[in-house]
J.: 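One structure coming up, written as C-alpha coordinates, with questions to follow.
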Amino acid sequence: LKMPAEDGKLRETDCANTKNMIRIIQSIPSPKAEPFKQWLAQVGYERVEEIQNPELAQARMKELYKAKGYSDDWIEKRVRGIAVRQELTDEWKKRGVKEDREYAILTNEISMATFGKTVDEYKELKRLKRENLRDHMNDLELIFTMLGERVTTEITRKKDAQGYPEVEDAAKRGGRVAGHARKETEKEIGRSVTSSENYLEAPEKEKRKQITKKKE
(Lines give C-alpha, C1' and ligand atoms only; values in the text may rest on other atoms or scores of the structure.)
Protein backbone atom coordinates (compact mmCIF):
# COMPACT_ATOMS: atom_id res chain seq x y z
CA LEU A 1 0.00 0.00 0.00
CA LYS A 2 1.14 3.56 -0.65
CA MET A 3 1.73 5.31 2.68
CA PRO A 4 3.36 8.64 3.68
CA ALA A 5 7.12 8.26 4.11
CA GLU A 6 9.52 10.46 6.12
CA ASP A 7 10.08 12.64 3.06
CA GLY A 8 6.35 13.30 2.84
CA LYS A 9 5.88 11.30 -0.36
CA LEU A 10 3.68 8.25 -0.77
CA ARG A 11 5.81 5.11 -0.90
CA GLU A 12 4.79 1.50 -1.43
CA THR A 13 4.89 -0.16 1.99
CA ASP A 14 4.56 -3.78 3.13
CA CYS A 15 1.38 -4.03 5.22
CA ALA A 16 -0.54 -6.71 7.10
CA ASN A 17 -3.84 -6.86 8.95
CA THR A 18 -3.98 -7.86 12.62
CA LYS A 19 -4.53 -11.57 11.94
CA ASN A 20 -1.63 -11.84 9.52
CA MET A 21 0.64 -9.73 11.71
CA ILE A 22 0.10 -12.18 14.57
CA ARG A 23 0.90 -15.11 12.26
CA ILE A 24 4.13 -13.38 11.21
CA ILE A 25 5.17 -12.89 14.83
CA GLN A 26 4.38 -16.54 15.61
CA SER A 27 6.79 -17.59 12.85
CA ILE A 28 9.71 -15.53 14.19
CA PRO A 29 12.35 -17.93 15.66
CA SER A 30 14.01 -15.24 17.80
CA PRO A 31 13.77 -15.64 21.62
CA LYS A 32 12.74 -11.98 21.73
CA ALA A 33 9.37 -12.97 20.25
CA GLU A 34 8.76 -15.58 22.97
CA PRO A 35 6.96 -13.24 25.46
CA PHE A 36 4.49 -12.25 22.75
CA LYS A 37 3.95 -15.89 21.79
CA GLN A 38 3.29 -16.73 25.44
CA TRP A 39 0.74 -13.92 25.59
CA LEU A 40 -1.00 -15.22 22.47
CA ALA A 41 -1.14 -18.70 24.00
CA GLN A 42 -2.71 -17.26 27.15
CA VAL A 43 -5.28 -15.29 25.15
CA GLY A 44 -6.12 -18.41 23.13
CA TYR A 45 -6.51 -20.45 26.31
CA GLU A 46 -8.84 -17.83 27.81
CA ARG A 47 -10.92 -17.80 24.63
CA VAL A 48 -11.38 -21.59 24.84
CA GLU A 49 -12.44 -21.18 28.49
CA GLU A 50 -15.00 -18.53 27.50
CA ILE A 51 -16.50 -20.80 24.84
CA GLN A 52 -16.97 -23.49 27.49
CA ASN A 53 -18.23 -21.00 30.08
CA PRO A 54 -19.68 -17.75 28.59
CA GLU A 55 -19.96 -16.18 32.06
CA LEU A 56 -16.17 -15.91 32.13
CA ALA A 57 -16.26 -13.71 29.02
CA GLN A 58 -18.71 -11.35 30.68
CA ALA A 59 -16.65 -11.20 33.88
CA ARG A 60 -13.45 -10.43 31.95
CA MET A 61 -15.22 -7.79 29.91
CA LYS A 62 -16.37 -6.06 33.10
CA GLU A 63 -12.83 -6.14 34.45
CA LEU A 64 -11.50 -4.52 31.27
CA TYR A 65 -14.06 -1.71 31.42
CA LYS A 66 -13.35 -1.17 35.10
CA ALA A 67 -9.61 -0.96 34.41
CA LYS A 68 -10.35 1.78 31.88
CA GLY A 69 -12.10 3.83 34.55
CA TYR A 70 -15.77 3.18 33.81
CA SER A 71 -18.20 3.12 36.75
CA ASP A 72 -19.90 -0.09 37.86
CA ASP A 73 -23.31 1.41 37.01
CA TRP A 74 -22.21 2.26 33.46
CA ILE A 75 -20.64 -1.17 32.99
CA GLU A 76 -23.88 -2.93 33.93
CA LYS A 77 -25.79 -0.90 31.32
CA ARG A 78 -23.14 -1.57 28.69
CA VAL A 79 -23.18 -5.31 29.34
CA ARG A 80 -26.98 -5.35 29.23
CA GLY A 81 -26.85 -3.40 25.97
CA ILE A 82 -24.55 -6.01 24.44
CA ALA A 83 -27.06 -8.74 25.34
CA VAL A 84 -29.94 -6.74 23.82
CA ARG A 85 -27.92 -6.17 20.65
CA GLN A 86 -27.02 -9.87 20.38
CA GLU A 87 -30.66 -10.87 20.73
CA LEU A 88 -31.60 -8.47 17.93
CA THR A 89 -28.89 -9.64 15.53
CA ASP A 90 -29.85 -13.25 16.23
CA GLU A 91 -33.39 -12.38 15.07
CA TRP A 92 -32.05 -10.68 11.95
CA LYS A 93 -29.96 -13.71 11.10
CA LYS A 94 -32.90 -16.09 11.48
CA ARG A 95 -35.01 -13.90 9.18
CA GLY A 96 -32.67 -13.87 6.23
CA VAL A 97 -30.79 -10.63 6.82
CA LYS A 98 -27.24 -10.73 5.49
CA GLU A 99 -24.55 -9.87 8.00
CA ASP A 100 -22.20 -6.89 7.88
CA ARG A 101 -23.59 -4.51 5.24
CA GLU A 102 -27.32 -5.07 5.92
CA TYR A 103 -26.72 -5.16 9.67
CA ALA A 104 -24.99 -1.79 9.38
CA ILE A 105 -27.86 -0.30 7.35
CA LEU A 106 -30.46 -1.54 9.84
CA THR A 107 -28.40 -0.20 12.75
CA ASN A 108 -28.30 3.18 11.03
CA GLU A 109 -32.09 3.11 10.58
CA ILE A 110 -32.58 2.57 14.31
CA SER A 111 -29.99 5.23 15.16
CA MET A 112 -31.55 7.80 12.81
CA ALA A 113 -35.02 7.22 14.22
CA THR A 114 -33.78 7.26 17.82
CA PHE A 115 -31.23 10.09 17.79
CA GLY A 116 -31.62 11.76 14.39
CA LYS A 117 -28.08 10.69 13.46
CA THR A 118 -26.45 7.80 11.66
CA VAL A 119 -23.71 5.91 13.50
CA ASP A 120 -21.00 7.75 11.54
CA GLU A 121 -22.61 11.14 12.23
CA TYR A 122 -22.82 10.27 15.92
CA LYS A 123 -19.13 9.25 15.95
CA GLU A 124 -18.24 12.52 14.25
CA LEU A 125 -20.14 14.42 16.96
CA LYS A 126 -18.09 12.62 19.61
CA ARG A 127 -14.83 13.03 17.65
CA LEU A 128 -14.31 9.29 17.32
CA LYS A 129 -12.59 7.39 14.52
CA ARG A 130 -12.22 3.62 14.84
CA GLU A 131 -13.50 3.48 18.43
CA ASN A 132 -16.75 1.71 19.33
CA LEU A 133 -19.46 4.38 19.60
CA ARG A 134 -21.29 2.67 22.46
CA ASP A 135 -18.15 2.63 24.59
CA HIS A 136 -18.38 6.43 24.51
CA MET A 137 -22.07 6.87 25.27
CA ASN A 138 -23.34 8.17 28.59
CA ASP A 139 -26.05 6.43 30.62
CA LEU A 140 -29.03 7.97 28.81
CA GLU A 141 -27.55 7.38 25.38
CA LEU A 142 -27.05 3.72 26.24
CA ILE A 143 -30.58 3.43 27.63
CA PHE A 144 -32.25 4.84 24.50
CA THR A 145 -30.01 2.73 22.26
CA MET A 146 -31.16 -0.34 24.16
CA LEU A 147 -34.79 0.78 23.97
CA GLY A 148 -34.66 1.20 20.19
CA GLU A 149 -33.08 -2.21 19.68
CA ARG A 150 -35.25 -4.02 22.19
CA VAL A 151 -38.49 -2.62 20.74
CA THR A 152 -37.24 -3.49 17.25
CA THR A 153 -36.75 -7.09 18.39
CA GLU A 154 -40.28 -7.23 19.80
CA ILE A 155 -41.86 -5.73 16.65
CA THR A 156 -39.84 -8.09 14.44
CA ARG A 157 -41.16 -11.08 16.38
CA LYS A 158 -44.75 -9.85 16.62
CA LYS A 159 -44.97 -9.15 12.88
CA ASP A 160 -42.92 -12.26 12.09
CA ALA A 161 -40.89 -10.11 9.71
CA GLN A 162 -39.19 -12.11 6.97
CA GLY A 163 -36.55 -10.81 4.59
CA TYR A 164 -34.78 -7.48 4.57
CA PRO A 165 -37.69 -5.12 3.62
CA GLU A 166 -39.93 -6.30 6.46
CA VAL A 167 -37.08 -6.32 8.97
CA GLU A 168 -36.11 -2.80 7.88
CA ASP A 169 -39.67 -1.59 8.54
CA ALA A 170 -39.51 -3.08 12.04
CA ALA A 171 -36.17 -1.33 12.65
CA LYS A 172 -37.60 2.05 11.66
CA ARG A 173 -40.64 1.55 13.86
CA GLY A 174 -38.58 0.40 16.84
CA GLY A 175 -36.29 3.38 16.45
CA ARG A 176 -39.25 5.76 16.27
CA VAL A 177 -40.55 4.48 19.62
CA ALA A 178 -37.17 5.23 21.21
CA GLY A 179 -37.00 8.57 19.38
CA HIS A 180 -40.35 9.71 20.79
CA ALA A 181 -39.25 8.66 24.28
CA ARG A 182 -35.97 10.56 23.88
CA LYS A 183 -37.74 13.76 22.82
CA GLU A 184 -40.15 13.55 25.75
CA THR A 185 -37.21 13.00 28.11
CA GLU A 186 -35.41 16.04 26.71
CA LYS A 187 -38.50 18.18 27.32
CA GLU A 188 -38.66 17.04 30.93
CA ILE A 189 -34.95 17.40 31.78
CA GLY A 190 -34.37 20.52 29.71
CA ARG A 191 -31.32 19.32 27.81
CA SER A 192 -30.28 17.12 24.93
CA VAL A 193 -29.76 13.41 25.54
CA THR A 194 -27.13 13.22 22.81
CA SER A 195 -23.72 14.44 23.94
CA SER A 196 -20.46 15.32 22.23
CA GLU A 197 -18.47 14.00 25.19
CA ASN A 198 -16.44 10.82 24.87
CA TYR A 199 -14.46 8.67 27.27
CA LEU A 200 -11.19 9.33 25.46
CA GLU A 201 -11.19 12.91 26.68
CA ALA A 202 -12.87 12.29 30.04
CA PRO A 203 -9.67 11.30 31.92
CA GLU A 204 -7.90 14.42 30.66
CA LYS A 205 -10.79 16.60 31.80
CA GLU A 206 -10.65 14.99 35.24
CA LYS A 207 -6.90 15.62 35.46
CA ARG A 208 -7.42 19.29 34.60
CA LYS A 209 -10.07 19.56 37.31
CA GLN A 210 -7.72 18.07 39.89
CA ILE A 211 -4.92 20.45 38.86
CA THR A 212 -7.29 23.42 39.13
CA LYS A 213 -8.40 22.33 42.60
CA LYS A 214 -4.79 22.04 43.78
CA LYS A 215 -4.01 25.54 42.48
CA GLU A 216 -7.03 26.95 44.31
Side-chain angles (χ1 to χ4, degrees), residues 50-51 54-55 57-59 61-62 64-65 70-71 73-199:
E50 290 166 3
I51 292 172
E55 289 184 7
Q58 190 175 100
M61 180 172 56
K62 288 181 178 181
L64 286 172
Y65 278 124
Y70 291 93
S71 69
D73 188 50
W74 184 95
I75 294 170
E76 289 302 322
K77 291 185 182 69
R78 182 71 178 95
V79 171
R80 179 57 186 155
I82 291 171
V84 169
R85 172 70 180 179
Q86 185 63 56
E87 192 172 359
L88 175 60
T89 55
D90 284 347
E91 284 296 323
W92 286 347
K93 187 174 182 179
K94 287 189 293 186
R95 296 167 190 280
V97 176
K98 297 177 182 176
E99 294 185 37
D100 297 331
R101 184 174 180 276
E102 290 186 350
Y103 279 28
I105 295 172
L106 291 171
T107 301
N108 271 333
E109 293 287 3
I110 298 172
S111 180
M112 274 295 297
T114 302
F115 299 108
K117 301 178 187 300
T118 65
V119 172
D120 283 343
E121 289 170 343
Y122 216 144
K123 291 178 75 171
E124 185 177 349
L125 172 69
K126 289 182 175 288
R127 300 172 300 284
L128 302 173
K129 294 180 181 179
R130 296 177 61 87
E131 297 84 4
N132 187 306
L133 173 61
R134 300 179 195 218
D135 282 352
H136 297 274
M137 286 183 165
N138 60 36
D139 284 17
L140 283 175
E141 289 171 315
L142 285 176
I143 288 169
F144 285 108
T145 297
M146 278 191 281
L147 178 61
E149 294 191 335
R150 182 60 196 171
V151 174
T152 295
T153 301
E154 292 297 325
I155 294 173
T156 300
R157 287 172 176 166
K158 181 180 178 182
K159 299 297 181 182
D160 193 21
Q162 298 294 332
Y164 181 81
E166 291 185 7
V167 171
E168 182 184 33
D169 179 65
K172 290 178 179 179
R173 292 168 65 182
R176 281 199 296 269
V177 171
H180 290 320
R182 172 186 62 81
K183 291 172 184 176
E184 287 299 314
T185 299
E186 290 175 339
K187 287 180 184 178
E188 292 293 334
I189 65 178
R191 63 177 176 82
S192 174
V193 165
T194 57
S195 169
S196 62
E197 292 188 352
N198 63 57
Y199 281 90

J.: Do we see a donor-acceptor contact under 3.5 Å between the side chains of T194 and R182?
T.: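 Not at all, the side chains of T194 and R182 share no donor-acceptor pair under 3.5 Å.
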J.: Among R134, R80, K77, R78, find the residue that satisfies the salt bridge (Lys or Arg N to Asp or Glu O under 4.0 Å) test when tested with D139.
T.: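 Only one option passes, and that is K77.
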J.: Just do the side chain to side chain contact (heavy atoms under 4.5 Å, CB included) check on T118 and S111 with the steps written out, would you?
T.: CA-CA 6 Å; T118 65; S111 180; 5.6 Å; no
J.: Determine whether a donor-acceptor pair (N or O, by modelled atom type, separation under 3.5 Å) exists between the side chain of R150 and the backbone of L88.
T.: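 Absent.
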J.: So does K94 pair up with E91, basic N to acidic O under 4.0 Å?
T.: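 Looking at K94 and E91, the cut-off is met.
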J.: For Y164, give me all partners under ring-ring contact (aromatic ring centres under 6.0 Å, His included), at least two apart in sequence or on another chain.
T.: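 By the ring-ring contact (aromatic ring centres under 6.0 Å, His included) rule, Y164 matches no residue at all.
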J.: Looking at D160 and R95, is any side-chain nitrogen of the basic one under 4.0 Å from a carboxylate oxygen of the acidic one?
T.: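 Here R95 pairs with D160 in a salt bridge, since their nearest N and O are under 4.0 Å apart.
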J.: Is there a donor in the side chain of E131 and an acceptor in the side chain of Y199, or the other way round, less than 3.5 Å apart?
T.: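 Absent: no donor and acceptor within the cut-off.
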J.: Indicate whether the side chain of Y65 and that of D135 have a donor and an acceptor atom separated by less than 3.5 Å.
T.: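 Yes - a donor-acceptor pair under 3.5 Å links their side chains.
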J.: Can a salt bridge be assigned to the pair R157 and E87 using a cut-off of 4.0 Å between side-chain N and carboxylate O?
T.: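 Yes, this pair counts.
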J.: Can you list the residues that meet the ring-ring contact (aromatic ring centres under 6.0 Å, His included) rule with F144, with sequence neighbours excluded?
T.: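 F144: no ring-ring contact (aromatic ring centres under 6.0 Å, His included) contacts found.
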J.: T156 and A170: which non-hydrogen atoms are nearest, and at how many Å?
T.: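 Smallest heavy-atom distance, with atoms named: OG1-CB, 3.4 Å.
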J.: Which heavy atom of T152 sits nearest a heavy atom of G174, and at what distance?
T.: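 Smallest heavy-atom distance, with atoms named: OG1-CA, 3.4 Å.
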J.: Do E168 and R173 meet the salt-bridge criterion of a basic N to acidic O distance under 4.0 Å?
T.: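 Looking at E168 together with R173, the answer is no, because their closest N to O distance does not fall below 4.0 Å.
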J.: Where do K159 and E166 land on the side chain to side chain contact (heavy atoms under 4.5 Å, CB included) test, with the steps shown first?
T.: CA-CA 9 Å; K159 299 297 181 182; E166 291 185 7; over 6 Å; no
J.: Could you pull out the closest heavy-atom pair between Y103 and T89, with the gap in Å?
T.: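 Result for this residue pair: OH-O, 3.3 Å.
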J.: Locate the shortest heavy-atom distance separating V193 from N138; write the atom from each residue and the value.
T.: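 Taking V193 first and N138 second, the nearest heavy atoms are O-ND2, 3.8 Å.
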J.: Considering all heavy atoms of both residues, which atom of R85 and which atom of E149 are nearest to each other, and what is their separation?
T.: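 Closest pair (atom of R85, atom of E149, distance): NH1-OE2, 3.0 Å.
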